[in-house]
Structures are given as C-alpha cells and as structure tokens.
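Scroll down for the structure; my scribbles are underneath it.
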Number of protein chains: 2
Amino acid sequence: MMNTTHKIIPDIVIGRLPVYLRALQHMLQEGRQVTSSQELGERLGISAAQIRKDLSQFGEFGKQGTGYNIEYLANQVREILKVDRVWDVAIVGAGDIGSALAGYSGFSQRGFRIAMMFDNNPAVIGQAQGDFVVRDMATLKDAIQAAGIKVAMIAVPAGFAQEVADKLVEAGIQAILNYAPVNLNVPPEVRVQHIDPSIHLQRMTYYLD
Amino acid sequence: MMNTTHKIIPDIVIGRLPVYLRALQHMLQEGRQVTSSQELGERLGISAAQIRKDLSQFGEFGKQGTGYNIEYLANQVREILKVDRVWDVAIVGAGDIGSALAGYSGFSQRGFRIAMMFDNNPAVIGQAQGDFVVRDMATLKDAIQAAGIKVAMIAVPAGFAQEVADKLVEAGIQAILNYAPVNLNVPPEVRVQHIDPSIHLQRMTYYLD
DNA sequence: AAGCTATTGTGTTTGATTGCACAAATCTGG
DNA sequence: CCAGATTTGTGCAATCAAACACAATAGCTT
C-alpha cells in the first residue's frame, strides 16, 4: 500500500507507532512469535481498538482469529517509519548530555548511528568522545553536507540552542531533537522534538497532592 | 479560583502549561514585563486562541487591550502546576544518564531538587556524585519514605526498569520520569512520563525523504 | 473626552480522535 | 468437519479539541 502522501496520516498516529515498535521488539526478544491488539494494548495502556485503527491506516497486517506475526508487523512498522535503514545523526554539544548520548549504545537497534559530534569549546575539540573525535563547530556545515546527514541532536546550553539550530538548518538538517530547555524557531519543513525533563516533571506535579 | 477537582481539566491542557511557563520565565529574563496571547503563540507555534482558552480554564489572568503581566502570570501558572514549591526528587541509576541528571543545574529554577541517588552496583555505592553520595538500592524504600519524596527518575538499563518502578511505587512515589526504553506498568494513581530519544527520532523520520 | 487600536475571555462552530460493535475470517478440539 | 472461541478491520456514533469570531474593555493619541 503506497504511501506517497496519498493519505494524510494524523501526526498523533505517527507518534504512537514508535511505541508500538518498541513493544514489538521487546516481545521478539522474549521469543514471542504472535500477539494481538488486545495484548499489545494491555502492555501499553492503550485500547485494542485504537491500535487496530492506527495500523489499519497503513494496510492489513494481522490475521483474524490469530492476531499479528510480531516479526512481520515490526518490519512493516519499521518500513512505515523509515527506520528500516540507518540514519546518521550529528550531536552538537559535548557536555554531560552530549557525552551520554554519544556513549549510548541503544541507538543502533533503533535505526540510528551517531556519526559526528561538534562543540565550540577549544578545550574539548579534538578530544576523543566514544568512537569519534569532537569537531569544531566552525566545520559543522561542511561536514554535515558532505556526509548528507539529515538528523541532529542539540545538547548545548539554552542560550546557544537557537543559533545552533539556525546553523543546522543552514546545513540541511531536517529533523532536530532538542535537549536545550528553550523553544526553537525553525522553518516549517524542519521537524523538531523537545526533551526537557523539567517540562515532563511539571506535567506530573499538577496531579500530586 | 479553587481547583479542588471542581472542574476536570484535560490533560492535554496541563501538558501545555509547562511550555507556557518556560517561555514566560524566558521573557522575564529578557527583562520583559507584559506579553499577549498573540506574542506567546508566535514564539511557541501555538494559536493565540488556544493559549487564551487554556488559561481561561483556571481563571482570568489578563487585561483587555494590554495582555498579561508576565511575572504575575508565571506565578499563577506555577501555582496551578504546584511548582510554586520545591519538590525533592530521587534518581535511581548512577550511570551516564543518572550522572548527567544529577549534575544538571537547571532543575532548581523549575521547582525541583535532586535529593538522593541510588544504584545497586557496589563499585559506585558510596561514591560522591555531584553534591551527594550514591546510596544502595537496598535502602531505597526507607530513605524515600523517611524523606517523604514523591517524585523519582529512573535511569537504569531497560531490563531493570520495571523492578525499580515496582520498588518506587512500594516506597510511595507518585510521579516517575522514566529514561529506560521500556513501558512501565504501575498502578493508575502513579503518573509516568517517558523520555526515549529513539522514540522521538523515529517520530520524525517518518516525514523525511 | 472621543475615537482608534489592541487584546482578552468565551459562546459557537468546525474538525479530529476515540470508542463501540459487529460481520468476516481463522483457528482449535473433539 | 462442525461448534465454539478469537481476533481482525471498519462503519458509525460519541467525545474531545481547536479554531473562529465578536462583545467587552483598556489604553493611547490627539
């Protein structure tokens, strides 16, 4: 079932697919072979109907009476999300967060590979950080363009995040995962996701006594 | 305007308040005194009407013709979110992520204080980590209960996250920020938020070419 | 002080998302 | 090979969220 912008899929549905995929991969590691919308829903705290509706946007992946073949469904979802390939990722910022990200081994199973890392601090430029050497921010545009990198993570202090975002956009980056606690202004064709622990915590304190 | 479960506020509205608050605090640091729903909306990429509707759920904070006094509004939102106080937070896991969180200075301005840190690895128990010493997981329940801590962050490998969550719930934790890439099963009265960079990245790759 | 501009708070409308419920299909066990 | 139990995919209904649009109000300018 082609998906060349035929049908516009709600972004909220896209947002759930990675969660489904993670659960499916987890089940595979448990040695499971088949599952059902009901089981998946129970694990994730989502209604079975919603999972079926979400998946039905992209095709028919299950078998009535049986459920879904986990490996097959996982592969289909990977393809939908375009993580049936490996995306090279650039990290900007070699502080605590950047280093933790560079050292995180979990990306490779999920479709990503940290390919390069930048900072503007002369004290860290040239230093080894995980498998690679921290590069000078001044070389960012050329390096990213030469490598054809589309995805980046910002892990610099809040005050520098916007200018880094501007540079990334100029270099052709199309998806940014931003760890700095500020909103970023980017052109509409560039996707941004934010990770700010305080935001998540504050969203929960509302419900506390 | 009392808010003792009189009116049920949609969670999606609660989720936007921390974002508003962060922008307001940012404006304050710029020395600004007043703003409008329009300006706030432009900065955040949200419609002005939505911001007004969201805020109107809790009272009337603005002045027609003028807009909102930033400091006053920020204080009101802090009160709504219950971050007009300081919440002590426990971190479980003293690896890269836990350490980065322990060393992050941004929490204090946002209503949180890292109060203690746990790990089960004898090699790190007793070591200094930022301002405090890493404690043995075995002491978790007693320490958390004695300190009356309600909020925790999980920064352990995926395979241990569920058992850590169970221990935290048993210790009386009511809000969990989970950095492990697995779903957690907790009783309905406990709030959980997930941070998994791969999930955020996969949500964006769908839109890439 | 009158007229103009800006901006809020909200009733109403429009649109999006979720949940329901069931026919159709598949499997299982006797 | 049949009866019963499962489970999918989906049309329809219900719920929820966002956008619209405007009266009411405040400030500013002349």
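Numbered from 1 within each chain, the chains take letters A, B, ... in sequence-line order.
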Do A:Arg203 and B:Asp11 sit within salt-bridge range, that is, some charged N less than 4.0 Å from a carboxylate O?
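Salt bridge present between A:Arg203 and B:Asp11.
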For A:Asn183, enumerate each residue passing the side-chain hydrogen bond (donor to acceptor under 3.5 Å, both in side chains) test, keeping only those at least two apart in sequence or located in another chain.
B:Arg22
A:Glu30: partners by side-chain hydrogen bond (donor to acceptor under 3.5 Å, both in side chains), with sequence neighbours left out
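For A:Glu30 the side-chain hydrogen bond (donor to acceptor under 3.5 Å, both in side chains) partners, ignoring immediate neighbours, are A:Arg43.
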Give the B/S/- string for nucleotides 7-17 of chain D, one per nucleotide from 5' to 3', where a protein heavy atom under 4.0 Å of the base yields B, of only the sugar-phosphate yields S, and otherwise -.
BBBBBB----S
Could you check how far [atom1] of [X] sits from [atom2] of [N], rounded to whole Å?
X: A:Asn69; N: C:dT26; atom1: CG; atom2: C1'; answer: 15 Å
X: B:Gln76; N: C:dT8; atom1: CD; atom2: P; answer: 16 Å
X: B:Gln57; N: C:dG11; atom1: CD; atom2: C1'; answer: 14 Å
X: B:Leu73; N: C:dT8; atom1: CG; atom2: P; answer: 10 Å

Inspect the surroundings of NZ in B:Lys82 and state if more than 12 heavy atoms from other residues, nucleotides or ligands are less than 6.0 Å away.
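For B:Lys82, atom NZ is crowded (more than 12 foreign heavy atoms under 6.0 Å).
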Using a distance-only test with no angle check, is there a side-chain donor-acceptor pair under 3.5 angstrom linking B:Gln162 and B:Asp166?
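Looking only at side-chain atoms, B:Asp166 and B:Gln162 do form a donor-acceptor pair, the distance falling under 3.5 Å.
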Do A:Glu71 and A:Asn75 pair up side chain to side chain, a donor and an acceptor below 3.5 Å, judged on atom types alone?
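On atom types as modelled, these side chains do not qualify, holding no pair under 3.5 Å.
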